[in-house]
Undergrad: 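Would you mind keeping the following structure in view while I ask a few things?
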Protein chains: 2
Amino acid sequence: MTIRQVDDSSKMNFKIGCDTDKSPCLFKKFKTKRQQAIAEREQVLLCLAERLMEEHGFSGLTMDKLVAACDYSKGTVYNHFSSKEDLLSALCIKAMKTELQLFHKASNFKGNAREKLLALCFAYRLHALLHPTLFYCVLTSKTPAVAERASQERLDTQFVLEQQLAEVCNQLFVLAMEDGDLQGREEAEFAQLSFAAWAMAFGSTALMLAASTAQLVQALEEEKTLMFNMNLMLDGMQWLPLSSEFDYWDSWQRVGMEVFADELSTLKEHSKHSGAKGKIT
Amino acid sequence: MTIRQVDDSSKMNFKIGCDTDKSPCLFKKFKTKRQQAIAEREQVLLCLAERLMEEHGFSGLTMDKLVAACDYSKGTVYNHFSSKEDLLSALCIKAMKTELQLFHKASNFKGNAREKLLALCFAYRLHALLHPTLFYCVLTSKTPAVAERASQERLDTQFVLEQQLAEVCNQLFVLAMEDGDLQGREEAEFAQLSFAAWAMAFGSTALMLAASTAQLVQALEEEKTLMFNMNLMLDGMQWLPLSSEFDYWDSWQRVGMEVFADELSTLKEHSKHSGAKGKIT
DNA sequence: AACTATTATGACGATTCGTCAAGTTGACGA
DNA sequence: TCGTCAACTTGACGAATCGTCATAATAGTT
């Protein structure tokens, strides 16, 4: 199997088994029970960190608090995450993984290519609403302040996940092309079009999440706004069928009922318990 | 003792270019020289803070460092900014004010309504490139972690500025309607359409600024991407003339040459001195 | 059991945030 | 010019946090 990492002896003492699971389809390839236990503990720590952040807000996540909340000492925690930024980066990875799962679920929606893309956007917004703190976490991880202090391994993982997320979107353009819904576009343009879709979904979602700006758009129906914006842009791409000749609001609602019923009820439950909007502080 | 608007004739700042009450609280009327001096000092502190952030990065801005860098004591600095978040909020206001100035400049571009909207986007991107750290600053200020600890007065100012920025955009929709370039839209829809434009401009700009995602779009021509995305969406709105029948790339370049020549040369100068991209850490 | 490589511990120094009691300033009236 | 007092300034301080490292504990091997 894999050769043991004997080479880098200087780091050996300080780095524990940061699981080298760059490949998502992972065999758990741990030599010892010990490393296995360490990897499992990392997941426990991450869940704890996520809970701390959801409860006490974004700035309420502290290495000291995490240490106090778990059964291990500071040194042990620092063996897993070399800095607070590294922890953030790990949380970002966790968020992207669940996002990817939602994406895969969304692309199973039965419908034409454009409906599937809307389903993807539905998943994107759903994820942001379910985990608003993690959404900010992903944003923050792009900041150089974080990126510069995160371990290279995690940065690589982030990059891979980003590509996988983008690939799900790209495939829909290929599908639309095959179905004849998108004409006169070169395959080389797909990256550009895909980026446009991503930018619109991200921009709309992020702005709607931001509290103060919400005052400006409170007159709008938040639920419909993302779909509305995406439709504007997809019409601009001449992606058939156009929104004037197809009831995408019906599709949007069906995505919620047919694919994400569980998540939506969780969301309702959640917002009942904790006020109007998820706390992010 | 509260004689408010009596002594303004003696304190009038004769600024070239009729500055009536556009900026809400910059040129207030001060009762005493002392308060005048304090207000001026606040501007000095803000400039210092901005420089600290540009030099040492986003996380390099510290109250302690600011205190060390200026000639005043900690208590005095805290008299101006009640917390680090309040300072961030003040920087955000500063950023939005310069952005508003760029917006006004942009709307003077000679052309049809859609060209003017593109000019606005040009200004938006320009501002982000000129002050990447301030761009992140504005983003961060929307975060509850910051908003909850900023003074109410600053939050109000932010809200006013936000409305003014949005109003510049809204006016272009009115203009397009009057010119017959946008048909079949109710005025009630303007807020929605304006939000869509804002979301697209913000999403595209923010994603392109984020370092790691830039790897995904490095194949694209960054310079053209924002314009491309905006055109997709504006075509979707049926905002005439459509991009298929008008050379907006020419307009885009003319905006740079005719309106923002100075800023562009500053930008080039800046990027020469300090590597490829602005540091944000 | 003894030995060694790996992991765990928590006290510690360094930074940073924000406060406050004591000291200083300056506008104003006498 | 001087005294007064409200407003402003100062910097030492306590609390919280970050990250390190010498030392203790443990698992695996002989």
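Quick note: numbers below take in every heavy atom, side chains included, and nothing from hydrogens, waters or symmetry partners. Throughout, protein chains are lettered first and strands after them, A, B, ... in sequence-line order, and every chain is numbered starting at 1.
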Undergrad: Looking at B/Glu42 and B/Lys94, is any side-chain nitrogen of the basic one under 4.0 Å from a carboxylate oxygen of the acidic one?
TA: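 Looking at B/Lys94 and B/Glu42, the cut-off is not met.
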Undergrad: Between C/dT25 atom P and B/Ile38 atom CD1, what is the distance in whole Å?
TA: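 Checked: the CD1 to P distance equals 15 Å.
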Undergrad: So, is A/Thr76 close to the C/dT9 phosphate, meaning a side-chain N or O under 4.0 Å from OP1 or OP2?
TA: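 Affirmative; the distance criterion is met.
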Undergrad: For DNA chain D, determine which residues of residues 62-71 of chain A have any heavy atom closer than 4.0 angstrom to one of its atoms, and list them numerically.
TA: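 Within residues 62-71 of chain A, the residues near DNA chain D are A/Thr62, A/Met63, A/Asp64, A/Lys65.
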Undergrad: Would you mind reading off the distance between B/His80 atom NE2 and D/dC8 atom P, rounded to a whole angstrom?
TA: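 The answer, rounded to whole Å, is 10 Å.
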Undergrad: Can you tell me if B/Thr76 uses its side chain to pair, donor with acceptor, with the backbone of B/Tyr72 under 3.5 Å?
TA: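 Looks like no, no N/O pair under 3.5 Å.
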Undergrad: Report the base-pairing partner of C/dA30 (Watson-Crick or G-U wobble, both distances below 3.5 angstrom), or none.
TA: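 With both distances under 3.5 Å, C/dA30 matches D/dT1.
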Undergrad: Is the shortest distance from a Lys or Arg side-chain nitrogen in B/Asp86 or B/Arg149 to a carboxylate oxygen in the other one below 4.0 Å?
TA: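 No.
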Undergrad: Can you check whether A/Arg149 has a side-chain N or O nearer than 4.0 Å to OP1 or OP2 of D/dC18?
TA: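 No.
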Undergrad: What's the CG-C1' distance between B/Leu87 and C/dG18, to the nearest Å?
TA: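 In whole Å, C/dG18 C1' and B/Leu87 CG are 14 Å from each other.
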Undergrad: Please confirm whether the shortest side-chain N or O distance from A/Arg41 to OP1 or OP2 of C/dT7 is below 4.0 Å.
TA: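 So the side chain of A/Arg41 is outside the cut-off, no N or O lying under 4.0 Å from OP1 or OP2 of C/dT7.
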Undergrad: Could you check whether any side-chain heavy atom of B/Leu87 comes within less than 4.5 Å of a side-chain heavy atom of B/Leu61, counting everything from C-beta outward?
TA: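 A side-chain contact exists here, since the closest heavy-atom pair is under 4.5 Å.
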Undergrad: Please state how far atom OH in A/Tyr78 lies from atom C1' in C/dT7, giving the value in whole angstrom units.
TA: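 From A/Tyr78 OH to C/dT7 C1': 18 Å.
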Undergrad: Could you list the residues that satisfy salt bridge (charged side-chain N to carboxylate O under 4.0 Å, His left out) with A/Glu99, not counting sequence neighbours?
TA: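 Applying salt bridge (charged side-chain N to carboxylate O under 4.0 Å, His left out) to A/Glu99 gives none.
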Undergrad: Quick one: salt bridge (charged side-chain N to carboxylate O under 4.0 Å, His left out) partners of B/Arg41, sequence neighbours excluded?
TA: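 B/Arg41: no salt bridge (charged side-chain N to carboxylate O under 4.0 Å, His left out) contacts found.
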Undergrad: For A/Asn79 and D/dT20, give me the distance from atom CG to atom P, rounded to whole Å.
TA: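 Taking atom P of D/dT20 as the reference, CG of A/Asn79 is at 11 Å.
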Undergrad: I need the CZ-P distance between B/Phe81 and C/dG18, as an integer number of Å.
TA: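 Whole-Å distance recorded here is 13 Å.
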Undergrad: So, does A/Ser265 use its side chain to make a donor-acceptor pair with the main chain of A/Asp262 at under 3.5 Å?
TA: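 Indeed, once roles are kept as given, a pair shorter than 3.5 Å links the two residues.
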Undergrad: Take atom NZ of A/Lys74 and atom C1' of D/dT20, then tell me their distance rounded to the nearest Å.
TA: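 To the nearest whole Å, that distance equals 10 Å.
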Undergrad: Let me spell it out: for each of A/Leu61 and A/Gly75, pick the nucleotide of DNA chain D with the closest heavy atom. Which residue's pick is nearer the 5' end?
TA: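 Its nearest nucleotide lies further toward 5', so the answer is A/Leu61.
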Undergrad: B/Tyr72 has an atom OH; how far is it from atom P of D/dA7, in whole Å?
TA: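 After rounding, the gap between these two atoms is 21 Å.
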